[in-house]
Engineer: 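First the structure, which I've put down as structure tokens, then a few questions once you've had a look.
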Amino acid sequence: MTIFAEKKGMNLAFNKILKEEIPQILPMIQELMGHQFSNEILTQRFSEMFDQNYECFGIFHEGEPVGVFGMWFMTRHYAGRSCEPDHIFIMEPYRSKGVGKKLFKFIYQYAAKKGCETSELNSYVSNYRSHKFYLNEGYEIKGYHFLKKL
């Protein structure tokens, strides 16, 4: 189901990915994650995510997938109703061509329609290109993300 299609410049569509379509996004998620996990583990994790406050979208150019991203929706005591973009991946030939700008325009509009007041996200410490992009989008660095394996 196409949610939004950009008309200026490169025509893009942001299509909601359904739970049964998880196998379609796995190659991009594997590339993003450096093939750290098996497809079975990722399928199981995404299946659980779809049952939570999570939505997944594919980015399409002329009907072909060129990226994937997810969004978490929650209410935070410090930020109100919030949208957290997650696992944003754009295929290499489409990077630095304005896809990210159009993607975040879509995210902001979609989140606002769902009643969100804010957007927050995480970025790997070594992903300098994304840091520059997010700062240019108006995000502020507010803290650190900590992870402990149990």
Side-chain angles (χ1 to χ4, degrees), residues 1-37 39 42-43 45-76 78-145:
M1 140 174 103
T2 300
I3 301 291
F4 174 88
E6 182 69 38
K7 297 295 182 198
K8 295 181 279 180
M10 185 183 302
N11 289 325
L12 296 174
F14 302 98
N15 297 346
K16 191 173 258 190
I17 302 295
L18 304 176
K19 193 173 191 176
E20 58 270 15
E21 297 171 316
I22 291 171
Q24 295 176 18
I25 66 168
L26 289 181
M28 290 182 278
I29 298 299
Q30 287 287 17
E31 190 172 337
L32 174 68
M33 298 297 301
H35 301 274
Q36 293 179 49
F37 306 104
N39 280 347
L42 289 175
T43 298
R45 289 178 179 175
F46 271 88
S47 291
E48 287 183 31
M49 291 162 58
F50 272 80
D51 293 334
Q52 299 170 18
N53 290 326
Y54 168 82
E55 295 181 29
C56 186
F57 289 82
I59 307 167
F60 293 84
H61 177 248
E62 297 180 357
E64 296 297 317
V66 300
V68 65
F69 66 99
M71 290 185 279
W72 293 94
F73 296 93
M74 77 250 12
T75 301
R76 307 269 195 178
Y78 59 85
R81 179 100 171 118
S82 184
C83 170
E84 181 182 340
D86 192 16
H87 64 76
I88 299 163
F89 177 80
I90 299 170
M91 291 181 175
E92 185 65 42
Y94 293 88
R95 295 178 191 164
S96 299
K97 298 194 182 330
V99 174
K101 280 282 203 202
K102 291 177 182 181
L103 166 60
F104 272 81
K105 181 179 178 183
F106 166 77
I107 288 172
Y108 303 146
Q109 291 173 344
Y110 188 79
K113 286 180 187 171
K114 292 182 74 80
C116 292
E117 305 167 61
T118 60
S119 176
E120 57 185 311
L121 51 77
N122 291 301
S123 178
Y124 290 115
V125 173
S126 61
N127 192 348
Y128 303 112
R129 281 181 65 179
S130 74
H131 303 164
K132 182 178 178 186
F133 178 84
Y134 299 139
L135 289 169
N136 286 336
E137 279 294 300
Y139 286 88
E140 298 175 29
I141 300 170
K142 293 289 192 179
Y144 296 99
H145 177 88

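The structure displayed is predicted, hence computed values, not measured ones. Atoms considered below: every heavy atom in the structure, side chains included; atoms not considered: hydrogens, waters and symmetry mates.
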Engineer: Is any side-chain heavy atom of Gln109 closer than 4.5 Å to a side-chain heavy atom of Lys105?
Structural biologist: yes
Engineer: Under 4.0 Å between a side-chain nitrogen and a carboxylate oxygen: does that hold for Arg76 and Glu120?
Structural biologist: yes
Engineer: Can you tell me how far OG1 of Thr118 sits from OH of Tyr78, rounded to the nearest 0.5 angstrom?
Structural biologist: 7.5 Å
Engineer: Identify the two heavy atoms, one from Ala79 and one from Glu117, that lie closest to each other, and give their separation to 0.1 Å.
Structural biologist: O-CB, 4.2 Å
Engineer: Which pair of heavy atoms, one from Val66 and one from His61, lies closest together, and at what distance?
Structural biologist: CG1-CB, 3.9 Å
Engineer: Give the C-alpha distance, both sets of side-chain angles, the deciding distance and a yes or no for side-chain contact (heavy atoms from CB on, under 4.5 Å) between Phe106 and Leu12.
Structural biologist: CA-CA 10 Å; Phe106 166 77; Leu12 296 174; over 6 Å; no
Engineer: Does any non-hydrogen side-chain atom of Asp51 lie less than 4.5 Å from one of Lys19?
Structural biologist: yes
Engineer: Could you label the plane-to-plane angle of the Tyr54 and His87 rings as parallel, tilted or perpendicular, counting under 30° as parallel and over 60° as perpendicular?
Structural biologist: tilted
Engineer: What distance do Met71 atom CE and Leu121 atom CG have between them, rounded to the nearest 0.5 Å?
Structural biologist: 12.5 Å
Engineer: If every non-hydrogen atom of Ser96 is compared with every non-hydrogen atom of Arg129, which pair is closest and at what distance?
Structural biologist: OG-NH2, 3.1 Å
Engineer: What is the distance from atom CD of Glu55 to atom NZ of Lys114, rounded to the nearest 0.5 Å?
Structural biologist: 4.0 Å
Engineer: Could you label the plane-to-plane angle of the His131 and Tyr128 rings as parallel, tilted or perpendicular, counting under 30° as parallel and over 60° as perpendicular?
Structural biologist: perpendicular
Engineer: Between atom CZ of Phe14 and atom CD1 of Ile59, what is the distance when rounded to the nearest 0.5 Å?
Structural biologist: 5.5 Å
Engineer: Looking only at the side chains, is there a donor atom on one of Glu62 and Asn11 sitting less than 3.5 Å from an acceptor on the other?
Structural biologist: no
Engineer: Does a side-chain heavy-atom distance below 4.5 Å link His145 with Val125?
Structural biologist: no
Engineer: Please give me the minimum heavy-atom distance between Met28 and Pro65, naming the atom from each residue.
Structural biologist: CE-CB, 4.2 Å
Engineer: Just to verify, what does Asn136 make a side-chain contact (heavy atoms from CB on, under 4.5 Å) with, not counting sequence neighbours?
Structural biologist: Lys132
Engineer: Any salt bridge between Glu48 and Arg45, counting N to O under 4.0 Å?
Structural biologist: no
Engineer: Roughly how far apart are Tyr124 OH and Leu32 CG, rounded to 0.5 Å?
Structural biologist: 6.5 Å
Engineer: With a 6.0 Å cut-off (strictly less than), is the heavy-atom count around CD of Glu140, excluding the residue itself, greater than 12?
Structural biologist: no
Engineer: Go through the steps to decide whether Phe133 and Ile88 satisfy the test side-chain contact (heavy atoms from CB on, under 4.5 Å), and finish with yes or no.
Structural biologist: CA-CA 12 Å; Phe133 178 84; Ile88 299 163; over 6 Å; no
Engineer: Side-chain contact, heavy-atom cut-off 4.5 Å: Cys56 with Val68?
Structural biologist: yes
Engineer: Considering all heavy atoms of both residues, which atom of Val99 and which atom of Tyr94 are nearest to each other, and what is their separation?
Structural biologist: CG2-O, 3.5 Å
Engineer: Do the side chains of Phe50 and Ile22 get nearer than 4.5 Å, heavy atoms only?
Structural biologist: yes
Engineer: Indicate yes or no: at least one non-hydrogen side-chain atom of Pro85 is less than 4.5 angstrom from one of Phe104.
Structural biologist: yes
Engineer: Which heavy atom in Lys102 sits nearest to a heavy atom in Met10, and how many Å separate them?
Structural biologist: NZ-O, 2.9 Å
Engineer: What distance do Ile29 atom CD1 and Asn39 atom CG have between them, rounded to the nearest 0.5 Å?
Structural biologist: 11.0 Å
Engineer: Measure the acute angle between the ring planes of Phe73 and Tyr110, then classify it against the limits of 30° and 60° as parallel, tilted or perpendicular.
Structural biologist: tilted
Engineer: With a 4.5 Å cut-off on side-chain heavy atoms, are Glu92 and Arg95 touching?
Structural biologist: yes
Engineer: Has Gln30 got a side-chain atom pairing as donor or acceptor with Phe37's backbone, closer than 3.5 angstrom?
Structural biologist: yes
Engineer: Which of parallel (below 30°), tilted (30 to 60°) and perpendicular (above 60°) describes Tyr139 and Tyr108?
Structural biologist: tilted
Engineer: Without swapping roles, check the side chain of Ser119 against the backbone of Cys83 for a donor-acceptor pair under 3.5 Å.
Structural biologist: yes
